[in-house]
Every structure is written in C-alpha cells, then in structure tokens.
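Heads up, the thing below is written out as structure tokens.
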Protein chains: 4
Amino acid sequence: MAINDVQTLFAKSLDESSLTAKQKAVLRASLTLFSEKGYDHTSTKDIAQAAAVSEGTVYKQFKTKEGILTAILGPFVQQVLPRIATEFLGDVMNTSYPDFADLLRSIVADRLSFALNNRKQLRILAQEMVANAKIIEGFQQQVDRVLPRVFPVIQHYQQQHQLVDWEPSRIARYMISTMMGYVLPVILSDTDTLDVAKASKETTEFLLKGLRP
Amino acid sequence: MAINDVQTLFAKSLDESSLTAKQKAVLRASLTLFSEKGYDHTSTKDIAQAAAVSEGTVYKQFKTKEGILTAILGPFVQQVLPRIATEFLGDVMNTSYPDFADLLRSIVADRLSFALNNRKQLRILAQEMVANAKIIEGFQQQVDRVLPRVFPVIQHYQQQHQLVDWEPSRIARYMISTMMGYVLPVILSDTDTLDVAKASKETTEFLLKGLRP
Amino acid sequence: MAINDVQTLFAKSLDESSLTAKQKAVLRASLTLFSEKGYDHTSTKDIAQAAAVSEGTVYKQFKTKEGILTAILGPFVQQVLPRIATEFLGDVMNTSYPDFADLLRSIVADRLSFALNNRKQLRILAQEMVANAKIIEGFQQQVDRVLPRVFPVIQHYQQQHQLVDWEPSRIARYMISTMMGYVLPVILSDTDTLDVAKASKETTEFLLKGLRP
Amino acid sequence: MAINDVQTLFAKSLDESSLTAKQKAVLRASLTLFSEKGYDHTSTKDIAQAAAVSEGTVYKQFKTKEGILTAILGPFVQQVLPRIATEFLGDVMNTSYPDFADLLRSIVADRLSFALNNRKQLRILAQEMVANAKIIEGFQQQVDRVLPRVFPVIQHYQQQHQLVDWEPSRIARYMISTMMGYVLPVILSDTDTLDVAKASKETTEFLLKGLRP
DNA sequence: GATGAATGAGTCTTCATTCAT
DNA sequence: AATGAATGAAGACTCATTCAT
C-alpha cells in the first residue's frame, strides 16, 4: 500500500540523513512548532528550547531558519509527493482496476489517509503556500508535473464509457475539490477528527454520481 | 443583485467611517500589502510609506497594527459576510426558484463573482485563518450561524424530489467544495484569472449531476 | 497668617494670570497627573483628556510640556517660596517673640500646615528635584538666598542664651530635618495623614530639648 | 565592622552572579547612568553604548529594562539592606554598649559611611521611590520589618534612664531624620562631599541632647 | 560537534510638537 | 481661540545569525 510507503519514505529521510540525534530533535521540534504557531511566529530560540539544544546547534546543519523549513517541506514537496504519485500510479496501472468505481474507492481512501497522517506537514504547507508566493509556485510545478500523468488513466475510463466525457483536468479538479472538502477543515482546525471510512464512502458516492457519463 | 451590495457595503464602510483621506489611504495600502506580502511580513513602516503618510498617522486611528487588520477583516467577517448571506437568502426565498437548477445557477454565479471581486480580502482572510487560530474560530462561528439558515432551502428541494436525499450539511459541503475548487487557485495565485461564466456553467453542471436524486 | 497667604498667592497666580478657563483646567489636570504619575509618565495627551481640552490648546499657552511644569513649579519655587519666607520673617520679626519656644511653635505649626496643604506640588517638586539636576540647583539657590536671612533671628536667640551656641546653619539643618521627618512620609505616600497638632507638639518638644544651651 | 560587609556583600552579588564580564559592564554602566540621568531618561541604547556592548547583549541577561533596575536595586533593598540590619543589630547586641552615647556614635558613623559609600544606589532608590509607588511600598515593608527589631534596644536604654521616655518609633524617627539631614543633600547633589567624622560628631551631639531623659 | 554569548538591524509603538482649518 | 490630524524622532524589545571556546 502507498500509505505505508509515504510514512516510510518520510521516516527514511530522517533516518538516512546524516543528522545527529540532536539535529533530528531540531527537525521534530520545528515540525511541531511550525504547525502550531506558524513558521513566522516560531523563533529559532523556541526551536532550540523545544529540542533541548543550543541555538548554535540549530544552525550547524541548517544554515538558516528557512533551511529548517526546506528540510521539512522540501522532501515532502519535491520527493515524497512525486514519488508516491509515481508509485501510486504504478499501483493503479498494475492492478488495472476494471471498474472506475474500484479505482476511485482506492484513490480516495488512500489520499484521505495520507492527509490525515501528514496533518502537521500539510498545515505548514498550507501556511507557507498562503503566505509565500514562492512556495506556491514550487507546489504548482509539482502538481503540473504529476497531474498530466494521471490524465491517461482518466481517458482510459472515458473510452470505456465509465466516466463522463469532460476534460481530464476538470475531472481531476472535482476529485481534488471534493476530497479537500473533507480534509481542509481537519487540517485547519486540529480539533475535529476525520472518520476516514465514512468520508471515503461519501466522497466516492458523490463523485461516482457526478462523474458518470 | 447581492453582488453589487457587497461592493457597496464594503465601500460604504470606508466612506461612512470617520476616517480621514489619509487614514483611508492607510487602509488601502494595508489591504494591498497584506494581500501581497502577508500581514506578518508587512511592517508599519511599509504601510506608512505606501500610503505616503507618517507612521504616527498610521497609529492615530488604528491603535495597533492588528487594529488595521481588524479594520480590514472585521467588517468583512462580522458584517459584510452575514449581511450578504441574509440578503442572499432573502433573494432566494422571495424569488422562490421553482427549479433547483435555477437556484444553483444563481448561487454559483453570485458566489464566484463575489470571490473574484474580493480576492484581496479573501487572500488576507485565508492567510490569517491559517496562521491565526482566533480568526479561524471567528470565521467558524459566522459559518455556523449562516449555514443552518440554508438548510431549509435544501430540504425544500429534497421534498420536491429535485435533490438527493442526503444530509443538508453534506450537500452544502459539496457545493462549497466544488466552488472552492475554482476559487482557491485564483485567490492564492493572483496570476490566473477566472472565467466566471464558464466556471459557473461547469460547476452547476457537475453539481446538478452529483446532487440529483 | 502666612498659611492663608500661601494659598492665596498660589490661587492668585492662577486667577490673575491671563489664562482662559480651559487653560486653567490644563494646569489643574497637570498638577494632579504630575503628582500621581510623575512628570515623565504623564503625556500631553493624558493632560488634554483630563482637562477635557484638545492637545492644541495645551500648547497654546504653554509652549512646551516643560512650560506646564514651570507654570506649576516656577511660581512655587521662585515666587511663592521666597515671598512667604519674607512675609514669614516679617511676621517673626514684628511679633518678635520674646521666647524662642513660642517662635518655634509658630514656625513648626506653620510649616507643617504649609506642607500638608501643598502636598501635590511638593510631591512634584520632590520628583523633579531627584530626577532633574537643574531643578535641584534652582531650589538650592532659593534656599541659599532665604536661609541667610533667618540666621540673624537665630543669632538673636543665641545672644539671649535661649539657643545653643552652634552655627546657625547647623541649627537650621536640625529644624528642617526634624520637620521633614514628619512631612516626607506624608508627601511620598499619599495614604497616611498627618496629625498636624500632635506633630507640631512633638517636633517642638524635641527641638527645644536638642537646641537649648 | 558592618561597613566593610556592606561593600563586600554588594561586590559579591556582582562577582558571584553568573554574569559575563560584559553583563557586569552593563550593570556598572546602568548604575552610573541611572544615578546621573535617572532611570526614565536613560535609554537602553545609552546603556549599551556606555557599556561598549550591543543592545542585544543588554537584553540577554536582563529581560527588560526594568530587569536592570531590579538587578541593581533588588539585592540592595531585599538582601543587602535587611542583612546589614541584622548584622548590625548583632553587633550592637553582642558588643552591648553600656552607654547609649557609645551605641549612638557607632550607629551614626556606620550609617553615614554606608550612605556615602552607596550614594549612587541610594540616589537611584530615591528617584524610584518618588516616581514609583511600588518601590516605595517594597521599601516600606523592609523598614517595617527591620525597625521593630531596633525597638528593644531603645527600650533597654530607656529602662536604664539613658533615653527619654518617648515611643521607640518616635525616637527612631528623630535619629533617622537627623542623619538624613546630613545625607540627603549629599545624595541629591553629587557636588558636595560629606565629612563623615564631623557629621557623626555633630549628629551624635545633637541627638544625645535631644533624646536624653 | 556543541555551546551560548554577542550582535545589530528591524519592529511596533509612544509622544512632544506643529499647523491648517 | 480652539481643534485634532499629522509628524517623525526615539524607545523598548526581538530575532536570525555568527563565532570563539
């Protein structure tokens, strides 16, 4: 399953990296603080204290404060995101669901779980995307690279008359929008929790209705 | 039409307010700078310069920097938003569209235009909602107050078998999500422009399919 | 009696002055605020509000903030103080108390009352003397001018063997010190009140013992 | 002798404290500047420059500007003052002067020296006491705690008919007042210097006369 | 590698003072 | 005479970043 891969990949980038225990602590503390108080409102002093480390240590590996953000978001955006996309597409292709309904069910459940498991990073990502024009462009580029690879899949089901004959980008938009409708509130307010099973079922039900020919 | 009212209302709150020409310049400059660089990355010195005004003047009316934000977002969230909601519901009720399709077309076109016309404020609102736990709560409260008033309308069309028999909140969620799918990218990246007519048509088409019984 | 003269003199400087009602209000408000929060911690805005007057009005008569202080302390130090000293000496000389004890009783009662009646000004005076090297010099000059005129009186009683044969300045020092011992606590903490009658009696009793030949 | 202890104690609190050389420079510079220009008229920039240190360094140890004041006055009021009082009383009790005259001579010489050696701090203390209601209360509390411990000593000499039969608090008041009469002018105007030997002699002479039965 | 003292530019905010109306 | 909007120079404080130990 892709889900586990996501976590594994991200965990790996922490373990494989030539980071000392203290520097990992810095990253972990930063992840929490950034998602709680936002990047701008987190001082390097805060991070050092939360990581039980001196401020000097914070700057040993990550030359700047933005370096920490990059260390958290960079792999997420530039590696983890595309790679899981590829794997995921491989999954889809290999399994080659005969039914679009089955594919949709798989996609939705997978993505919702992913979002739930990576709430903190996604929250930081959202914060930075909204505050930082540069980040949003980087994200846009990744999306633009990944999305077209999904189009053939969509077209495949359109040819089999299982999907309405709209532009693939439009269909992708609705899929993403509808999932976001469940995910965004959870990311923004840490209070609510998401019943993934129910949400997946509802999302699939609506999308199947709305996207059938 | 509600659209014009929105603009009028907001324009009024600038004109009616006991603000000097210079103070209005402060507000206008802040609106632009906040939406461009974000609230945190805009210094009061920036604002003063952009408004061609001294820093002292900035603080004459708006006691604090946050006061400026409140002056921009406050009316938007606490007055404009609810008021247009009420007016809008009045519109809907009075006109009493016999067809849900007509209602939907009206809603979608209206909301998309509103979003487009208030891009900057919405961008700031998004920034603050993501960065500021308090703002998101205030927004949530407004939503919680307005949304239930829409439910009867939904139920009305359900009884007439024009709408699928799901919970009103779920139906509202999909309507909002789908519209957000068009609006969010425009808000976040000021580059793209939205073809409201086309977007309205597409949104309506999809929602009608997905929400019919 | 000298006491009333003091008040009269000070009141006169308010009434006689070519000040409008509003400007007098400024002076009254300043007197209160300065004595409560100190000169430095009182802003001209505070004064304007407390006097129910615009900031512009504050500056109409008193060109600067220090001008207000001068308007309050100036007459007190440069006119009122010396003048009452003169009058008082005239009193003493004219009445020509045969007994030093009678003179002392008169002096002490008079000065303690004066201090009590002018608490606020004295408090401000104390604040400024301690904070401001210039003020203390001005005060010192006045003291140096007034004090020598008291010496003959002291010497008179020394020649009559009613007063110990110390330097007049030393005798004056003890008289002032002892009275200050009662007055200072009252000035510094507005809470206590002084039983002038009792204090006068005690002070006189001690000084007579300590200063007799 | 208590005198040396005073200096030692205060010097210790500088040396023992975990302060860098630079931080001590900050404290020294502040002590001078505060006593010269007053707390309010000394900016943190002034302090930094006088200490040949960056403003950041000033704030490293002393979180706020008031923190510097506390670092200077705090130990003085809360530790040094009471401790020397205790030690001093120990001195008095142990030595158990048979003659009140001897005790008085000892007290007066000791206190006058102390005042002279701590001019700067006392000047700042005076400034703050007059400007700051809180400081004066803290000081009052210390006085209220220390003074009653002196009363038994006074009563002891009263029983031996060496001291007039007034309330101990009244006797203490005159002792303090008379000493203050010599000390205050020196503290307020840094120009004069005090001939401690002469002042002690005079003070004792007057008090003995004034306080004998 | 790790520390934390040191830096200094930058931030929000206050305030005495001026001036057009 | 009176107003209060406007000014801009400080002021206290923060923070990312560097460097000697």
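Treat the numbers as computed from the prediction; the structure is a model and nothing was measured. Lettering follows sequence order; numbering is per chain, from 1. Computed over heavy atoms, backbone and side chain alike; hydrogens, waters and symmetry mates excluded.
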> Which whole-number value in Å describes the distance from Asp46(D) CG to dA9(F) P?
Replying inline: 18 Å
> In whole Å, what is the span from the CD1 atom of Ile47(D) to the C1' atom of dA6(E)?
Replying inline: 17 Å
> Which pair of non-hydrogen atoms, one from Phe62(B) and one from Gln23(B), has the smallest distance, and what is that distance?
Replying inline: CE1-OE1, 3.8 Å
>> Just so I know, are the side chains of Met129(C) and Val130(D) near enough to count as touching, which here means a heavy-atom distance under 4.5 Å?
In response: no
>> Output the rounded distance in Å from CD1 (Ile68(B)) to P (dT11(E)).
In response: 14 Å
>> Could you tell me if the side chain of Arg123(C) sits less than 4.5 Å from the side chain of Arg119(C), heavy atoms only?
In response: no
> Side chains of Thr64(D) and Thr70(D): closer than 4.5 Å at any heavy-atom pair?
Replying inline: no
Expected rows: protein N/O vs nucleotides 15-18 of chain F N/O, under 3.5 Å:
| residue | atom | partner | partner atom | Å |
| --- | --- | --- | --- | --- |
| dA16(F) | OP1 | Lys65(A) | NZ | 3.0 |
| dA16(F) | OP2 | Thr44(A) | N | 2.7 |
| dA16(F) | OP2 | Thr44(A) | OG1 | 3.0 |
| dT17(F) | OP2 | Tyr59(A) | OH | 3.1 |
| dT17(F) | OP2 | Lys65(A) | N | 2.7 |
| dT17(F) | O4 | Glu55(A) | OE1 | 3.3 |

> For the residue pair Gly38(D) and Gln127(D), what are the closest heavy atoms and their distance?
Replying inline: CA-OE1, 3.2 Å
> What is the distance, rounded to the nearest whole Å, between atom CZ of Phe62(A) and atom P of dG1(E)?
Replying inline: 12 Å
>> From C-beta outward on Thr57(B), which listed nucleotide comes closest to its side chain: dT3(E), dA6(E), dT7(F)?
In response: dT7(F)
> Which residues pass the salt bridge (charged side-chain N to carboxylate O under 4.0 Å, His left out) test with Asp46(C), sequence neighbours left out?
Replying inline: Lys37(C)
> For dG4(F), does OP1 or OP2 lie under 4.0 Å from any side-chain N or O of Gln61(B)?
Replying inline: no
> Whole Å only: how far is the CD atom of Gln49(B) from the P atom of dA6(F)?
Replying inline: 18 Å
> Are any of the side-chain heavy atoms of Ile47(B) and Phe34(B) separated by less than 4.5 Å?
Replying inline: yes
> What is the distance from atom CG of Leu73(B) to atom CD of Glu128(B), rounded to the nearest 0.5 Å?
Replying inline: 7.0 Å
> Taking only Watson-Crick and G-U wobble pairs with both distances under 3.5 Å, what dot-bracket line describes DNA chain F, where [ ] shows pairs that cross earlier ones and | shows pairs with another strand?
Replying inline: .||||||||||||||||||||
> Atom CG of Leu125(A) and atom CD1 of Ile72(A): how far apart are they, to the nearest 0.5 Å?
Replying inline: 11.5 Å
> For Ser54(C) and dG4(F), is the shortest distance between a side-chain N/O and OP1 or OP2 below 4.0 Å?
Replying inline: no
